[in-house]
There are 2 protein chains.
Amino acid sequence: MSESDTTREKIIDAARERFSHYGYPKTTIAELADDCAMSPGNIYRFFKGKIDIAVEIARREALSAVEVIEAVLDCPVRSSRQRLEEVVFADLRYTFHLLENRPKTLELAQIVVSDRPQFQIESLRRERRVFQRILHEGQASGEFFIENVASTTIALHAATTKYRYAQLFTNQTLAELERELAHVMTVIMRGLMPAKDGKPVAETIIPPEEAGQLANVS
Amino acid sequence: MSESDTTREKIIDAARERFSHYGYPKTTIAELADDCAMSPGNIYRFFKGKIDIAVEIARREALSAVEVIEAVLDCPVRSSRQRLEEVVFADLRYTFHLLENRPKTLELAQIVVSDRPQFQIESLRRERRVFQRILHEGQASGEFFIENVASTTIALHAATTKYRYAQLFTNQTLAELERELAHVMTVIMRGLMPAKDGKPVAETIIPPEEAGQLANVS
DNA sequence: TCAGTGAATAATTTATTGATTGTTCATTTT
DNA sequence: AAAATGAACAATCAATAAATTATTCACTGA
């Protein structure tokens, strides 16, 4: 790692610390420079402007959020259905706890999005790719019956909108949201899977929250 | 109608006019009093405070919005499925055009909700009742197969969250949203209706926009 | 040449003040 | 007695001044 890379990281670390403690607006470039034992001017050799530091932090945050969701893919499960349900519930829980425990993270994301609308579009796209992979697998294994995987992915993602950063829409508790999401998933799963012997697919069971799943949100 | 009722209506009319033209914050009680040829003090014999005038206007707006949606129920259609789809699309279109043509209406609603959170909860509940009626009908006629109508109503309503005041979530065009919603409804309908002869239910077709449907939004 | 500086400046935020507005109520009118 | 008034007062807003901050850049030391 080159010298200038570690300097850049030092700035990011200092910014992460201050942004999460005091928020983006109340953090000054002079403070970041102090933390890194350098002059304000030098910061601008690594970032075009203050907002770009926030963009970089939010970008990493978004990537690690998708990783949390993707981690669910790695654990062995019995079916694509279970995979899909676990990913959707993980999404609800991860974003819920994020807003609960680290409200400044949302604030930062909102500031970034208001300045760079493309940021949100790309974050959503990354998330959809996870969904798409699962649908594709389920399709290939014959578990799902899906005519058009691409458009069904979009539908699934849109139908679960309320369960991403749910506190922005409602003040329901997490338990209430989980119950609700189970109903949504029940309907969706019945839409994706053929009925067996004339009986519709069983209801979605709320998956248990894995212990390690939310390690980096505390 | 009593004298004091008509006075109250005069105030509401004046407020509606000014709120929609200049917005709630820029409208003063003195102006409303002027419009009604009365003194500021007299307004307070009819409303506890300025915000209560806004609440009353928003309440009526919300009721007439549900009426627009309910109007779809009155026209004869071939199936519960079609009813459901028309209601959901009407909701998307109505709220979309509302934000496009009368942004002050949203502003007012947001001001009311921030002061009276219960307002939003009740509006959503009213809307859900329309959904529930359709599901119930479809269930009774045997067209839908629904184990629990109440929880399925909640699921349906939650899954279509993105298509109520869609511009708050995305900057997609109405046409894009309609295409997306069709995909969502396709999955949901397959979840509600049993497959025929092993073939899944047909895809949702975007219903044509009725001419008279949006009369009071222009 | 490269990494870094810090004073100068432009842009933004905050504080202050004066003006406007929401609300009340003792009083007047009908 | 009911309906309405308008002056008084507290709360809020708008305008401006003052202070702070983001950003630039000519310059310094390795």
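Below, read A as the first sequence line, B as the second, and so on, with proteins coming before strands; counting in each chain starts at 1.
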Using atom [atom1] of [X] as one end and atom [atom2] of [N] as the other, report the distance to the nearest whole Å.
| X | N | atom1 | atom2 | value |
| --- | --- | --- | --- | --- |
| B:Ile11 | D:dA3 | CD1 | P | 13 Å |
| A:Ile43 | C:dT5 | CD1 | P | 10 Å |
| A:Leu32 | D:dT23 | CG | C1' | 14 Å |
| A:Ile111 | C:dT12 | CD1 | P | 15 Å |
| A:Phe46 | D:dA22 | CZ | P | 18 Å |
| A:Asp34 | C:dG6 | CG | C1' | 13 Å |

* Asked: Does the side chain of B:Thr28 pick up a donor-acceptor pair with the side chain of B:Arg18 at under 3.5 Å?
  -> no

* Can A:Thr153 and A:Arg129 be counted as having a side-chain donor-acceptor contact under 3.5 angstrom? -> no

* Non-hydrogen atoms of A:Tyr44 and A:Gly49 that approach each other most closely -> CE2-CA, 3.9 Å

Hey, what are the protein-to-nucleotides 17-24 of chain C N/O distances that come in under 3.5 Å?
from: C:dG22; atom 1: OP1; to: B:Thr27; atom 2: O; distance (Å): 3.3
from: C:dG22; atom 1: OP1; to: B:Lys50; atom 2: NZ; distance (Å): 3.0
from: C:dG22; atom 1: OP2; to: B:Ile29; atom 2: N; distance (Å): 2.7
from: C:dT23; atom 1: OP2; to: B:Tyr44; atom 2: OH; distance (Å): 2.6
from: C:dT23; atom 1: OP2; to: B:Lys50; atom 2: N; distance (Å): 2.8
from: C:dT23; atom 1: O5'; to: B:Tyr44; atom 2: OH; distance (Å): 3.2

* To do: Report the residues that fulfil ring pair (Phe, Tyr, Trp, His ring centres under 6.0 Å) with B:Phe96, sequence neighbours left out, ordered by chain and then residue number.
  => none

* Structure fact -> The side-chain contact (heavy atoms from CB on, under 4.5 Å) partners of B:Asn148 (sequence neighbours excluded) come to B:Ala150, B:Ser151

* Salt-bridged, A:Asp52 to A:Arg116, with N to O below 4.0 Å? -> yes

